[in-house]
Novice: 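Before we start, here is the structure in question, set down as structure tokens.
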Amino acid sequence: LWPWLLASSGLSAVVQLVTLPFFPDSPSYLLIQKGNEEACRKAIRKLWGEGDHQAEIDDIMKEKVAMTSTKTLRVLEVIKERSLRWQLYILITVMTTLQLCGINAIYFYSFEVFHTAKFEEYLIPYMSLGVGLCECLSSILCSTLIDRCGRKVLLWGGYMLMCSVLALLTMTLSLQHQFFWMHYFSVILIFLFVIFYGIGP
């Protein structure tokens with residue numbers, strides 16, 4: 001089954017490859033990059049239907065003016081620029097915590113946890129698939145929550161819940177040889193961790 005599951009990702013690539021030539025170019029790309037207003041209007045009509053779209057074109061023109069007046073900075077210039085210092089710190093912190101949050105360890109050791117929990121061998125691949133499905137569904141849920149709660153709340157909440165789950169998981173893995181039900185609790189915690197990861201970071 002796994003070869004078919006891995007090959008199925010190629011199906012979406014083939015669909016995109018076949019359908020992409022029939023999609024219109026981005027109106028902002030046509031107007032800002034190419035400077036072709038007529039092609040931009042045509043693309044807008046194709047995307048949004050007939051009607052007066054002058055307001056959208058004016059917005060794109062404002063964006064073009066803003067882009068021409070903005071200086072493009074190199075990497076060293078961004079690092080030295082004092083006005084961008086806090087944004088840079090936040091970006092580095094978010095990206096570092098994303099890499100060190102433990103999701104890779106969870107994926108790597110989940111098979112071991114499922115095996116220790118005495119699940120049947122043929123069920124473990126499906127449970128691993130369920131972990132990936134949890135992340136996918138929680139990411140979709142995040143896209144609906146982000147407008148209501150805000151990015152900061154989801155980031156802080158996600159990381160706090162993930163830390164709590166990791167602390168509990170460490171405890172359950174340490175006690176799994178003393179209490180038989182700890183194995184199952186560890187499995188639940190793995191699923192919860194992946195859900196919180198998808199909703200938060």
Side-chain angles (χ1 to χ4, degrees), residues 1-20 23-24 26-29 47-49 56 59 86-120 122-173 176 181-201:
L1 185 61
W2 279 110
W4 289 104
L5 286 172
L6 289 170
S8 64
S9 60
L11 183 64
S12 61
V14 170
V15 170
Q16 290 179 42
L17 192 65
V18 171
T19 57
L20 199 60
F23 283 95
S26 165
S28 57
Y29 165 76
L47 287 168
W48 298 328
E56 287 82 2
D59 286 341
W86 276 108
Q87 292 92 320
L88 192 63
Y89 289 156
I90 291 167
L91 182 65
I92 290 170
T93 304
V94 169
M95 295 311 295
T96 304
T97 52
L98 193 61
Q99 293 300 315
L100 301 175
C101 69
I103 189 68
N104 293 326
I106 289 291
Y107 276 125
F108 187 77
Y109 287 110
S110 61
F111 184 87
E112 185 80 22
V113 174
F114 296 151
H115 192 269
T116 310
K118 304 291 190 298
F119 283 102
E120 296 289 337
Y122 73 93
L123 285 175
I124 293 175
Y126 295 104
M127 295 190 72
S128 299
L129 187 64
V131 170
L133 189 63
C134 275
E135 184 180 352
C136 182
L137 292 174
S138 59
S139 299
I140 294 168
L141 178 63
C142 175
S143 64
T144 60
L145 289 175
I146 199 164
D147 290 329
R148 294 181 184 179
C149 304
R151 188 167 293 156
K152 190 187 290 185
V153 172
L154 289 180
L155 276 172
W156 276 106
Y159 279 124
M160 286 173 64
L161 289 169
M162 285 163 63
C163 285
S164 304
V165 169
L166 282 178
L168 286 171
L169 188 59
T170 303
M171 187 177 70
T172 57
L173 290 174
Q176 65 184 352
W181 51 269
M182 280 292 181
H183 302 302
Y184 304 106
F185 196 42
S186 299
V187 171
I188 293 168
L189 288 172
I190 284 175
F191 278 92
L192 282 175
F193 182 86
V194 172
I195 289 169
F196 295 148
Y197 173 79
I199 292 173

Novice: Please check if the number of heavy atoms outside Gln87 that lie under 6.0 Å from its CD is greater than 12.
Specialist: yes
Novice: Say you draw a straight line from CD1 of Ile199 to SG of Cys149; how long is it, rounded to the nearest 0.5 Å?
Specialist: 9.5 Å
Novice: Which pair of non-hydrogen atoms, one from Thr96 and one from Ile92, has the smallest distance, and what is that distance?
Specialist: OG1-O, 2.6 Å
Novice: Side chains of Leu141 and Thr144, heavy atoms from C-beta outward: is any pair under 4.5 Å?
Specialist: yes
Novice: Restricting to non-hydrogen atoms, name the atom on Gly198 and the atom on Cys142 that form the minimum distance, rounded to 0.1 Å.
Specialist: O-CB, 3.6 Å
Novice: Is the Tyr89 ring parallel, tilted or perpendicular to the Trp86 ring (thresholds 30°, 60°)?
Specialist: perpendicular
Novice: Taking all non-hydrogen atoms of both residues into account, name the closest pair between Leu173 and Val113 and its distance.
Specialist: CD2-CG2, 4.0 Å
Novice: Nearest 0.5 Å, please: how far is CD in Glu112 from OG in Ser186?
Specialist: 12.0 Å
Novice: For Val131 and Phe114: C-alpha separation, side-chain torsions, deciding distance, then whether side-chain contact (heavy atoms from CB on, under 4.5 Å) applies.
Specialist: CA-CA 11 Å; Val131 170; Phe114 296 151; 3.9 Å; yes
Novice: Could you state the interatomic distance from CG (Leu47) to CD (Glu56), rounded to the nearest 0.5 Å?
Specialist: 11.0 Å
Novice: Rounded to the nearest 0.5 Å, what separates atom CG in Leu123 from atom NE2 in His115?
Specialist: 12.0 Å
Novice: Of the non-hydrogen atoms in Thr172 and Leu169, which two are nearest, and what is the gap between them?
Specialist: OG1-O, 2.9 Å
Novice: Distance check, rounded to the nearest 0.5 Å: Leu192 atom CG versus Leu161 atom CG?
Specialist: 9.0 Å
Novice: Tell me if the CZ atom of Phe191 is crowded by more than 12 foreign heavy atoms within 6.0 Å.
Specialist: yes
Novice: Look up atom CG in Leu145 and atom CZ in Arg148, then write down how far apart they are to the nearest 0.5 Å.
Specialist: 7.0 Å
Novice: Please assess Tyr197 against Leu98 for the test side-chain contact (heavy atoms from CB on, under 4.5 Å), listing each intermediate value before the final yes or no.
Specialist: CA-CA 9 Å; Tyr197 173 79; Leu98 193 61; 3.9 Å; yes
Novice: Measure across Tyr159 and Cys101 and return the closest heavy-atom pair with its distance rounded to 0.1 Å.
Specialist: CE2-CB, 4.2 Å
Novice: Can you name the nearest heavy-atom pair linking Ser110 to Ile190, along with the distance?
Specialist: CA-CD1, 4.1 Å
Novice: Do Tyr107 and Val194 come within less than 4.5 Å of each other through their side chains, counting heavy atoms only?
Specialist: yes
Novice: Is the shortest side-chain heavy-atom distance between Arg151 and Leu155 below 4.5 Å?
Specialist: yes
